[in-house]
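Before any comments, here is the structure.
To find a chain, count down the sequence lines: A is the first, B the second, and so on, and within it residues start at 1. If you're wondering where the values come from, they're calculated on a predicted model, not measured in any experiment.
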Amino acid sequence: MLNRVKEHREARGWSQGELARRLGVSRQTVNAVETDKYDPSLPLALRMAKLFGVAVPELFIDEWEPVA
Amino acid sequence: MMSDNPPKSDAARKRSKSVVSLVSGGAVGFVGASALMVVIENGWLGEVGPSAVFALLVALVYAIIGLIVAVGTGSPTLGARVLNVEDADELREERPSLLTSAGGMLALAAVLAVLALSGEAGLFPLGWATALAGVMLAIGLYLSGQSLRLADELMRALTKEAAELSYYLGFVLIGGWAMLAHLGYLPAPAMLDLLSLLWAIGLLAAFWAAGRRGMLKTR
């Protein structure tokens, strides 16, 4: 899923390692999320959103629209 | 996700690391397999049939991977050159998980090797083989469990995917062989062949699961 994790991380001047430490996950997980190789679990997505002070849909972009 | 084109220096670093990893892995594998064949041909391991050779080769792959991860984690500067991590610090951060995982692989390699070298004309008498394989299996399962406990959600997700793929691979490979053997087209697999296939399938599935997510690309 497209996401803006890298954008938000870099805006705070954090390395992937720093973000991983704050989230309590491995650096590989942060890298996999940023490079769109892995969609995080809902709890991790919520933690990321809380850490960056944004809503989950601002961080993870889903282009799906409900059928009218 | 914005486009992520690495600068040329980074691309060159990745290319060079890929070459080092491939060459060193290939060299270790080739030397290990050649040494094993010399040992077998000289009869130093007792009587070793085709099933045992296959089992020993699979065990060797487990042992080599386990050793490379263990040595690379023990010496992060060296490990960062051959393992698929960003830098030595990442190996330090992941040390507990990687070391238990490497220990688990080495123990599982030992189980298969001991089983391959047991039997009437084998190196290990039945009692020794049972005790050794039993102890190594217990260690391997404990360490694999610990490694999973230490892993974060990405590694757990990959493990689940690998387990799922293992089922399908097992169905095709073991099931396919059994079907053909049942119909008389192939000789029936020996018990050791089934064990070797289980070990090999587990490893293949793990690489497949990682590769499917593009996680085998050099970082």
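Between chain A and the residues B/Leu154, B/Leu158, B/Val85, the most heavy-atom pairs under 4.5 angstrom are made by B/Leu154. The residue among A/Lys37, A/Arg27, A/Gln28, A/Gln16 with the most heavy atom pairs within less than 4.5 Å of chain B is A/Arg27.
Taken to the nearest 0.5 Å, the CG atom of B/Leu150 stands 12.0 Å off from the OG atom of A/Ser26. In this structure, A/Asp39 CG and B/Arg213 CZ are separated by 7.0 Å, a value rounded to the nearest 0.5 Å.
Annotation for B/Arg81: atom CZ does not count as buried by contact number, only 12 or fewer foreign heavy atoms lying within 6.0 Å. Counted within 6.0 Å of CH2 on B/Trp208, heavy atoms from surrounding residues, nucleotides or ligands total 12 or fewer; the atom is thus considered open.
If you measure heavy-atom distances from B/Glu90 to chain A, the contacts under 4.5 Å come from both the backbone and the side chain. Within the 4.5 angstrom heavy-atom criterion, no atom of B/Ala151 approaches chain A. Heavy atoms closer than 4.5 Å to chain A are found in the side chain of B/Glu94, but not in its backbone. At a 4.5 Å heavy-atom cutoff, A/Pro43 makes no contact with chain B through either its backbone or its side chain.
Counting only distance, with no hydrogens or angles, the side chain of B/Glu153 and the backbone of A/Leu44 share no donor-acceptor pair below 3.5 Å.
Put simply, the side chain of A/Tyr38 does not reach to within 4.5 Å of the side chain of B/Met215, judged on heavy atoms.
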